[in-house]
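Because the structure is predicted, anything quoted here is derived from the model rather than measured. FYI, side chains are in, hydrogens and waters are out, and symmetry mates aren't considered; it's all heavy atoms of this structure.
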Amino acid sequence: MKTIQKTAIALAASGLFTTAAFAQSAPAAAPAAPEVSPITANVSLVSDYRYRGVSQSNLRPAIQGGFDYAHESGFYIGNWNSSISWVNNLNPSVASSIEMDFYAGVKKELIGEGFASDLGVLQYYYPTTGNFSGTNVNPNTTEIYAAQNYTFGPVTGFLKFSYAVTNTFGNQNSSGSYYPDLTVNYDTGVWGLGVNAHVGYQYIAGSVAGTSNSSLYSYTDWKLGVTKDFGGGLSLAAAYIGTNAGKNSSGVYNYVSPTGKNLAGSTGVLTLTKTF
């Protein structure tokens, strides 16, 4: 699963070769501008994989990475992956240690420069072995989304709405769940530092045995952090993440680890990312 934004950098090289005679007879030609590749890639190490505020890696580190293809028409397609543990935690008879996200969409600046509108579809896929049993259902989830990106000088970000057309992350009868969220980034212009803020609301639709999923699993999540850009596609982000997800009537956390820990509790997260 994933609340995450992916960055990319295209590297190219060009050379200028002149002879002494040519240099004396005419000024040297300016080097050609490097051609930007339509394919980018990224890899990250995180201290805890938090998606929409909830740990997907049982409060432990995870490795992540993916790639994107963007056409000049605005069409894009990509894949992103992360190590996880939550699927196994819900049902030990099912083995799944990876989340694979496949997405495609169209992004165009319909309003004006710096204001790209984005429509797409995202498939969360969890390769598994074994069978789901009891109240646990297949965690594979399909969402459609619409987002409006914005730029106001050093301030950038987006407003996004995601809507699940299938059951949502293993919750029964939860088709129609949705997640609106707002992200704001501020480039300080100092030492490559940027400030990041995010807030979202995960609504889980449907009910099970007369109890609404929303009363147990809906929540608000938030993030406040800072990112350091080292150049060359390398960055380090530190963030404080939290939610208001609570406990059920038995006093058990609604998002709980096998050892009883709160997977949606507030915590600090470090992320080291390299983009290519």
S.K.: Report yes if some heavy atom in the side chain of Lys228 is under 4.5 Å from a heavy atom in the side chain of Trp191; otherwise report no.
M.R.: yes
S.K.: List the atom of Leu119, the atom of Ala146, and the distance in Å for their closest heavy-atom pair.
M.R.: CD2-CB, 3.5 Å
S.K.: Nearest 0.5 Å please: distance from the OG atom of Ser207 over to the CG atom of Leu216.
M.R.: 11.0 Å
S.K.: Please determine, by modelled atom types, if Asn81 and Asn79 share a side-chain donor-acceptor pair under 3.5 angstrom.
M.R.: yes
S.K.: Describe, in one word, how the ring planes of His71 and Tyr69 are oriented to each other, choosing from parallel (under 30°), tilted (30 to 60°) and perpendicular (over 60°).
M.R.: tilted
S.K.: Classify the ring geometry between Tyr255 and Tyr219 as parallel (under 30°), tilted (30 to 60°) or perpendicular (over 60°).
M.R.: perpendicular
S.K.: Quick check against the 3.5 Å criterion: does Thr275 have a side-chain atom that pairs as donor or acceptor with the backbone of Gly233?
M.R.: yes
S.K.: Ignoring hydrogens, what is the shortest heavy-atom contact between Ser175 and Asn167? Give both atom names and the distance.
M.R.: N-OD1, 3.8 Å
S.K.: Determine, stepwise, if the pair Arg50 / Val269 fulfils side chain to side chain contact (heavy atoms under 4.5 Å, CB included).
M.R.: CA-CA 8 Å; Arg50 291 278 173 142; Val269 175; 4.0 Å; yes
S.K.: List the atom of Ala264, the atom of Thr243, and the distance in Å for their closest heavy-atom pair.
M.R.: O-OG1, 2.7 Å
S.K.: If you round to the nearest 0.5 Å, how far is CG of Leu193 from OG1 of Thr188?
M.R.: 5.0 Å
S.K.: Carefully, step by step, assess Asp221 and Asn244 under the rule side chain to side chain contact (heavy atoms under 4.5 Å, CB included).
M.R.: CA-CA 7 Å; Asp221 73 287; Asn244 66 350; over 6 Å; no
S.K.: Under a 3.5 Å distance rule, please check whether Lys261 uses its side chain to pair with a backbone N or O of Asn58 as donor and acceptor.
M.R.: no
S.K.: Taking only Lys NZ, Arg NE, NH1 and NH2, and the carboxylate oxygens of Asp or Glu, determine whether Glu143 and Arg52 approach each other closer than 4.0 Å.
M.R.: yes
S.K.: Is the side chain of Ser257 donor-acceptor paired with the backbone N or O of Thr259 at a distance under 3.5 Å, no angle test?
M.R.: yes
S.K.: Among side-chain atoms of Asn213 and Ser174, is any donor-acceptor pair under 3.5 angstrom?
M.R.: no
S.K.: Please say yes or no: joined through hydrophobic side-chain contacts below 4.5 Å, possibly via intermediate residues, are Ile111 and Leu159 part of one cluster?
M.R.: yes
S.K.: Is the distance between the ring centroids of Tyr103 and Trp80 under 6.0 Å?
M.R.: no
S.K.: Can you list, by chain and residue number, the hydrophobic cluster partners of Leu270 when the side-chain cut-off is 4.5 Å?
M.R.: none
S.K.: To the nearest 0.5 Å, how far apart are CG in Leu263 and OH in Tyr253?
M.R.: 10.5 Å
S.K.: Are any non-hydrogen side-chain atoms of Thr183 and Asn196 less than 4.5 angstrom apart?
M.R.: no
S.K.: Is there a side-chain contact between Gln148 and Ser117, using heavy atoms and a 4.5 Å cut-off?
M.R.: yes
S.K.: Got a donor-acceptor contact below 3.5 angstrom from the Asn88 side chain to the Ser85 backbone?
M.R.: no
S.K.: Do the two ring centres, one from Tyr145 and one from Phe161, sit under 6.0 Å apart?
M.R.: no
S.K.: Using 0.5 Å steps for rounding, measure from the OG atom of Ser83 to the CZ atom of Arg60.
M.R.: 11.5 Å
S.K.: According to a hydrophobic-cluster definition based on side-chain heavy atoms being under 4.5 Å apart (Ile, Leu, Val, Met, Phe, Trp, Tyr only), do Val106 and Val121 belong together?
M.R.: no
S.K.: Do Leu234 and Leu272 pass the side chain to side chain contact (heavy atoms under 4.5 Å, CB included) test, and can you show the C-alpha distance, the side-chain angles, and the key distance before you say yes or no?
M.R.: CA-CA 8 Å; Leu234 183 66; Leu272 180 65; 3.9 Å; yes
S.K.: Evaluate the side-chain hydrogen bond (donor to acceptor under 3.5 Å, both in side chains) criterion for residues Ser44 and Thr273: first the C-alpha distance (whole Å), next the side-chain angles of each, then the deciding distance (0.1 Å), finally the verdict.
M.R.: CA-CA 4 Å; Ser44 297; Thr273 300; 2.8 Å; yes
S.K.: Between Lys223 and Tyr240, does the side chain to side chain contact (heavy atoms under 4.5 Å, CB included) criterion hold? Intermediate values first, please.
M.R.: CA-CA 6 Å; Lys223 180 183 80 170; Tyr240 194 67; over 6 Å; no
S.K.: Shortest non-hydrogen contact from Lys108 to Gly74?
M.R.: CD-CA, 4.0 Å
S.K.: Quick one: do Val155 and Leu182 end up in the same hydrophobic cluster if we chain Ile, Leu, Val, Met, Phe, Trp and Tyr together by side-chain heavy atoms under 4.5 Å apart?
M.R.: yes
S.K.: Given Gln123, which of Asp101, Thr141, Thr166, Thr142 fulfils the side chain to side chain contact (heavy atoms under 4.5 Å, CB included) condition?
M.R.: Thr142
S.K.: Please report the closest heavy-atom contact between Pro127 and Met100, naming both atoms and the distance.
M.R.: CG-SD, 3.6 Å
S.K.: Closest approach of Gly157 and Asn185, non-hydrogen atoms and distance?
M.R.: CA-ND2, 4.3 Å
S.K.: Please list, chain by chain and in numerical order, all residues satisfying ring-ring contact (aromatic ring centres under 6.0 Å, His included) with Tyr186, sequence neighbours excluded.
M.R.: none
S.K.: Just so I know, are the side chains of Asn140 and Tyr126 near enough to count as touching, which here means a heavy-atom distance under 4.5 Å?
M.R.: yes
S.K.: Does any part of the side chain of Val46, heavy atoms only, come nearer than 4.5 Å to the side chain of Gln64, both counted from C-beta?
M.R.: yes
S.K.: Is Asp118 close to Asn149 at the side-chain level, that is, under 4.5 Å between some pair of heavy atoms?
M.R.: yes
S.K.: Does Leu122 belong to the same Ile/Leu/Val/Met/Phe/Trp/Tyr cluster as Tyr76, with side-chain heavy atoms less than 4.5 Å apart forming each link?
M.R.: yes
S.K.: May I ask you to test the Thr227-Ser235 pair for a side-chain heavy-atom distance under 4.5 Å?
M.R.: yes
S.K.: Out of curiosity, Lys160 NZ to Tyr179 OH, how far, rounded to the nearest 0.5 Å?
M.R.: 9.5 Å
S.K.: Do Ser177 and Tyr217 have side-chain heavy atoms sitting under 4.5 Å apart?
M.R.: no
S.K.: Determine, using ring centers only, whether Tyr150 and Phe115 are less than 6.0 Å apart.
M.R.: no
S.K.: If Ile, Leu, Val, Met, Phe, Trp and Tyr residues are connected whenever their side-chain heavy atoms lie under 4.5 Å apart, and connections chain through other members, are Ile144 and Tyr203 in the same group?
M.R.: yes
S.K.: How long is the straight-line distance from CD of Gln202 back to CZ of Phe169, given to the nearest 0.5 Å?
M.R.: 6.5 Å
